[in-house]
Structures are given as C-alpha cells and as structure tokens.
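Fair warning: this is a prediction, and the values are worked out from it, not measured in the lab. Counting begins at 1 with the first residue of the sequence.
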Amino acid sequence: MMDDLHNNINVWHGTTKISICQHWDSPSDRIGGTAAMQEVGIIPDDDDWSSMRTERFGKSLTHLIKVLEGIRDEIDQQVHNESSGKGNARATQSATGSTT
C-alpha cells in the first residue's frame, strides 16, 4: 500500500544522482487531490537517505524547474555532500566529458 502513496523519479547530473518524489496521505488524494509533499534531493554518495537534504516544490512546473536549477547549481558549485569523500564533482565531470 505504501508504494501506492509514493512516486519517485531518479535523474543524474554528471555523476550525482537526484531524487524527485511525491507523497500522498491517502489513495483518494493521489487520484484527485494534492500531494502531501513534493521534494527534490541530492542522494548522498553513501546512500544514507537519512542524511539527504531536500528542497520542496509546489504544484507549478515553474517552481519545480526553479528548484531543479537550484539543485543543479548546488552540485556544480560543489556545495553538497562535501564530506562524502566523493571529491571534486566538477573535476569528475571534466575528466569524463560529462556536463549533463
């Protein structure tokens, strides 16, 4: 039943995985109502989701895009997950030729 109340999409920016998800309070909310929570987060390198910082987004496409751009900029500026041991994300992108 919990799977029915949760929708998750994972995308990549370079070597960093991002989660975009929605949560509903009840099955009827999912059919015709409003999501209880919609959020975007950078998945930590160690897969410890309890330490993942998230940003909520509203119902509009414009707001989702704004949040995604902020997450992208945060990754590009190497502000997230600095203690993970991942190293320099921008250097990794340059070395692999990936700019997403």
Side-chain angles (χ1 to χ4, degrees):
M1 181 58 114
M2 283 303 278
D3 287 342
D4 293 338
L5 300 178
H6 180 104
N7 183 32
N8 192 0
I9 299 168
N10 292 317
V11 296
W12 291 87
H13 180 64
T15 60
T16 304
K17 192 174 186 180
I18 292 91
S19 168
I20 305 168
C21 67
Q22 295 175 305
H23 308 269
W24 287 270
D25 288 331
S26 70
S28 61
D29 286 343
R30 182 167 182 160
I31 292 169
T34 301
M37 184 185 315
Q38 300 182 127
E39 58 190 1
V40 177
I42 299 170
I43 299 175
D45 298 327
D46 60 6
D47 285 329
D48 179 7
W49 287 54
S50 66
S51 68
M52 182 169 68
R53 188 186 68 75
T54 60
E55 287 286 330
R56 291 189 179 187
F57 63 93
K59 291 193 270 185
S60 76
L61 176 60
T62 301
H63 192 239
L64 172 59
I65 291 169
K66 182 178 177 181
V67 170
L68 288 171
E69 288 175 336
I71 294 286
R72 179 203 56 209
D73 294 346
E74 190 175 316
I75 293 167
D76 288 346
Q77 296 168 11
Q78 305 164 28
V79 193
H80 80 288
N81 215 7
E82 291 177 357
S83 63
S84 70
K86 182 175 184 177
N88 186 327
R90 191 173 277 259
T92 302
Q93 288 177 351
S94 296
T96 62
S98 172
T99 58
T100 313

Between NE2 of H13 and CG of D76, what distance do you get to the nearest 0.5 Å?
3.5 Å
Are I31 and L5 grouped together when hydrophobic residues (ILVMFWY) are joined by side-chain heavy atoms under 4.5 angstrom apart?
no
Could you work out, with salt bridge (charged side-chain N to carboxylate O under 4.0 Å, His left out) as the rule, every residue matching R53, not counting sequence neighbours?
E55, E74
SG-CG distance between C21 and N10, expressed to the nearest 0.5 angstrom:
9.0 Å
What are the two closest non-hydrogen atoms of M52 and P44, and how far apart are they?
CB-CD, 3.8 Å
Please name all residues satisfying side chain to side chain donor-acceptor pair (under 3.5 Å) with D29, sequence neighbours left out, ordered by chain then number.
S26
V11 side chain near L68 side chain, heavy-atom distance below 4.5 Å:
no
So, using side chain to side chain donor-acceptor pair (under 3.5 Å) as the criterion, who are the partners of T34 when residues are at least two apart?
none
Is there a donor-acceptor pair under 3.5 Å between the side chain of Q38 and the backbone N or O of G58?
yes
Applying a strict under-4.5 Å side-chain criterion to I, L, V, M, F, W and Y, I'd like to know whether M37 and I20 cluster together.
no
Interatomic distance, I75 atom CD1 to I42 atom CD1 [nearest 0.5 angstrom]:
4.0 Å
Any chance you could measure N8, atom CG, to Q22, atom CD, to the nearest 0.5 Å?
10.0 Å
Which residues, ordered by chain and number, are linked to I65 in its hydrophobic cluster, where ILVMFWY side chains connect at heavy-atom gaps below 4.5 Å, directly or through other members?
L61
Atom pair CZ (R72) and CD1 (I18), whose distance is rounded to the nearest 0.5 Å:
11.0 Å
By side-chain contact (heavy atoms from CB on, under 4.5 Å), which residues pair with S60, not counting sequence neighbours?
T62, H63
Pairs where residues 35-55 contributes a residue and the test ring pair (Phe, Tyr, Trp, His ring centres under 6.0 Å) is met, not counting sequence neighbours
none
Sequence neighbours excluded, which residues qualify as side chain to side chain donor-acceptor pair (under 3.5 Å) partners of E39?
H23, T54
What residues form a side chain to side chain donor-acceptor pair (under 3.5 Å) with D48, not counting sequence neighbours?
S50
Within residues 56-66 or reaching into it, pairs that qualify as salt bridge (Lys or Arg N to Asp or Glu O under 4.0 Å) - sequence neighbours excluded
none
